[in-house]
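All remarks here apply to the structure that follows.
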Amino acid sequence: MPFDPTDAQDVYKDAGKNVLFTTLTINRSNADDDREKVAELVSREQAILRSMNIRYPEEHLKVAFGFSNSIWDYLFADAKKPQELEDFKPVKGPKYTSPATPADLFIHIRADSEAVVYEVASQIRNYYRDFATVEDETKGFRYFEGRAIIGFVDGTENPEIQKASGYAIIGDEDPDFENGSYAFAQKYIHNMDAWNALKTEDQEKAIGRKKYSDLELEDDEKLENSHNVASQDNDDGVEHKIVRMNVPFSDPSSGKTGTYFIGYARHWTVTKRMLENMFGQSDRLLDFSDPVTGNMFFIPSMTTLDQIVEGELPTK
């Protein structure tokens with residue numbers, strides 16, 4: 001099968017206006033029964049997506065559905081596995097740790113209308129509620145001008161849309177799982193009072209960019225651990241990219257405000273090195289942002305989803 005972004009799920013396009021992230025754990029009563037239930041869930045999810053896109057094409061509905069390493073091993077023990085799929089382990093730095101938290105399945109829904117997001121999520125729930133437990137559900141939104149909730153333009157470091165698929169989608173290096181993707185999801189809670197107490201120029205040094213113009217600071221203006229320095233992967237002297245989406249969420253009355261980070265990548269090793277750099281260098285942004293979840297998933301291609309539904313995954 002040739003490299004084909006149209007065979008991929010929605011992993012390299014915009015973050016969306018209304019967003020819902022859901023992580024689930026399967027109750028694991030019987031692997032054969034659970035495999036059948038997951039196959040039906042995948043089939044129904046794809047049918048719901050097709051139907052809603054026909055009915056509401058102007059809402060730009062996109063869905064990504066993924067599997068953790070542990071649930072892949074449980075459900076598909078005799079099948080081949082994506083080359084870089086592994087259990088996510090905590091990344092420990094001198095000051096902060098990126099935690100690993102429970103999750104088997106991942107669902108990322110976004111659309112222009114919150115009603116469409118709700119309807120899709122509600123319909124999908126009908127096919128997992130009897131055998132899975134919700135670990136986390138986070139509803140996000142598009143902030144002013146597409147900025148992160150801390151006020152800076154988001155996505156500046158992303159590859160151009162014409163090139164994005166090459167950074168987000170697995171190629172012929174793993175032919176059995178071509179057009180899939182690796183996703184890393186992490187939820188952060190911000191100390192907005194402390195962040196907002198900083199002068200604008202100190203916020204800019206923390207991020208490495210101007211707040212209003214979005215221009216990158218000169219190297220001598222940045223901190224050694226500015227966010228756009230510490231979060232890069234420059235392995236072998238080459239900057240490697242992923243497709244990043246930072247989605248704001250908030251319960252304003254409780255003061256609970258944060259960012260749900262999702263990174264889609266062709267190579268999990270790139271995202272992993274970014275995390276190791278970010279936490280190893282004590283990224284300045286971590287002084288104001290507490291990571292509370294951490295999960296890694298494989299996002300299958302449409303072809304692989306069909307194989308899961310039909311019970312026809314390639315065997316070892």
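No hydrogens, no waters, no symmetry mates; every other heavy atom, side chains included, goes into these values.
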Cation-pi check, Arg35 onto Phe76 ring (under 6.0 Å, within 45° of axis): no
Neighbour count above 12 (heavy atom, 6.0 Å) for Glu239 CD: yes
Set of side-chain hydrogen bond (donor to acceptor under 3.5 Å, both in side chains) partners for Thr200, sequence neighbours left out: none
Contacts of type side-chain contact (heavy atoms from CB on, under 4.5 Å), residue Asn18, not counting sequence neighbours: Glu114, Val117
Under-4.0 Å salt bridge between Glu173 and Arg266: yes
Distance under 6.0 Å and angle within 45° of ring axis: Lys187 vs Phe249: yes
Asn234 side chain vs Gly237 backbone, donor-acceptor pair below 3.5 Å: no
Cationic N near anionic O, under 4.0 Å, Arg273 to Asp233: yes
Minimum side-chain heavy-atom gap Pro82-Trp72 below 4.5 Å: yes
Salt bridge Lys316-Asp78, side-chain N to carboxylate O under 4.0 Å: no
Flag if over 12 foreign heavy atoms under 6.0 Å of CD, Glu218: no
Residues Lys205, Glu201; criterion salt bridge (charged side-chain N to carboxylate O under 4.0 Å, His left out); working and verdict: CA-CA 6 Å; Lys205 289 178 181 179; Glu201 53 265 35; over 6 Å; no
Residue pair Ser98 / Lys92, side-chain heavy-atom distance below 4.5 Å: no
